[in-house]
Amino acid sequence: ERSSNWLIYDLCGIGKVSEAYFVFSILTAKGFFPTVYTYNPILLGLCKAGQIFVALAFLTSLKKKGFTPNVYTFTALVYGFSMEGLYDEAYLILNTMQADSCKPNVVTFTTIIMFLCDDGKVAEALSILDMMEGGECHADLITYNVVLHALFSNCNFSKACEIVEVMDRKGFRPDYFTFSAVVGGLLKTGYVRLANRFSLKYLDEGYEMDLVACNIFIHALYRGIGSKTAFCVLKKFLTGGFVPS
RNA sequence: UCCAGUGCGCC
């Protein structure tokens with residue numbers, strides 16, 4: 001049964017959700033008992049494919065058979081609704097999931113926040129963040145990264161500074177997601193000099209680095225300080241064992 | 001213990 005979950009998980013991961021569902025139906029027809037590890041990946045796969053209503057119907061049928069959803073299950077639905085811009089429905093899930101003794105967690109809220117931001121509804125996203133800060137479910141680094149990404153992409157620097165101060169006060173260390181969100185936003189909006197300063201600062205402080213961050217920083221340096229600096233940084237990465245894509 | 005959320009570009 002572990003390996004069937006595995007197969008279903010991998011099928012969903014490569015976008016073959018109907019194949020995964022097919023495997024699921026065969027297995028259950030043979031008397032196999034699915035768990036959250038079996039159907040959650042299918043539900044999320046459906047949601048990511050824009051099939052939120054199929055996912056809903058599937059969940060209804062699971063519940064009828066006595067299978068229990070968990071917070072991952074509802075977070076998948078929240079993902080699906082938010083992705084389609086159906087925020088009222090997403091909010092409704094937050095309330096109705098309590099009937100299945102599930103409470104939304106930081107992932108659930110961060111998911112809505114992210115889609116609201118991408119949809120230009122940053123003020124509404126920030127109000128959810130405020131609500132979290134006032135409640136028992138606190139924002140984590142990913143939540144802040146998502147919000148900073150939106151604020152820097154929209155040149156809302158004053159609010160961004162507030163957030164950075166809150167992060168600092170709470171002891172959250174920025175990571176390469178934070179910096180690529182910040183530098184990427186600055187580059188996109190034309191603040192090349194600022195993007196350079198952030199890049200150099202991050203590089204100086206010897207934080208962790210990955211390919212995406214490397215691309216962004218080299219792009220920033222290339223457009224700002226110039227190709228020489230960018231090339232030096234690239235060279236440093238290459239000799240450090242980085243494999244460019 | 002096997003399930004969920006964040007960043008560049010290409011498509």
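Note that the coordinates shown come from a computational prediction; the quantities given were computed from them, not determined experimentally.
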Any base atoms under 4.0 Å from [X], or only sugar-phosphate, or nothing? Heavy atoms, all strands.
X      : result
A:Y144 : nothing
A:T143 : base
A:T75  : base
A:H219 : nothing
A:V106 : base

State which of [options] makes the closest approach to the side chain of [X].
X      : options          : answer
A:I142 : B:A4, B:G5, B:C8 : B:G5
A:I216 : B:C3, B:G7, B:G5 : B:G7
A:N105 : B:G5, B:C8, B:A4 : B:A4
A:N5   : B:C2, B:G5, B:U6 : B:C2
A:V146 : B:U6, B:G7, B:G5 : B:U6
A:Y72  : B:G5, B:C2, B:C3 : B:C3

Nearest whole Å is fine: how far is [N] [atom2] from [X] [atom1]?
X      : N    : atom1 : atom2 : value
A:N215 : B:G9 : CG    : P     : 10 Å
A:L148 : B:C8 : CG    : P     : 14 Å
A:L43  : B:C3 : CG    : P     : 15 Å
A:F24  : B:C2 : CZ    : P     : 21 Å
A:I128 : B:G5 : CD1   : C1'   : 13 Å
A:F179 : B:C8 : CZ    : P     : 16 Å
A:D140 : B:U6 : CG    : C1'   : 9 Å
A:N70  : B:A4 : CG    : C1'   : 9 Å

Less than 4.0 angstrom from a charged side-chain N to a carboxylate O is my criterion; do A:E133 and A:K170 meet it?
yes
Flag for A:N196-A:S199: side-chain donor and acceptor within less than 3.5 Å:
no
Contacts under 3.5 angstrom, residues 218-235 of chain A side chains, donor-acceptor by atom type, not counting sequence neighbours:
none

How about A:Y79 and A:F115: are their ring centres within less than 6.0 Å of each other?
yes
Does the B:G5 base have a donor-acceptor partner in the side chain of A:T111 within less than 3.5 Å?
no
Can you see if the side chain of A:Y9 gets near the phosphate of B:A4 - specifically, an N or O under 4.0 Å from OP1 or OP2?
yes
Below 4.0 Å: OP1/OP2 of B:C3 and any side-chain N or O of A:K48:
no
Counterpart residues, side-chain contact (heavy atoms from CB on, under 4.5 Å), relative to A:N156 (two or more places apart):
A:L151, A:S158, A:K159
A:S82 side chain reached by A:L116 side chain, heavy atoms, under 4.5 Å:
no
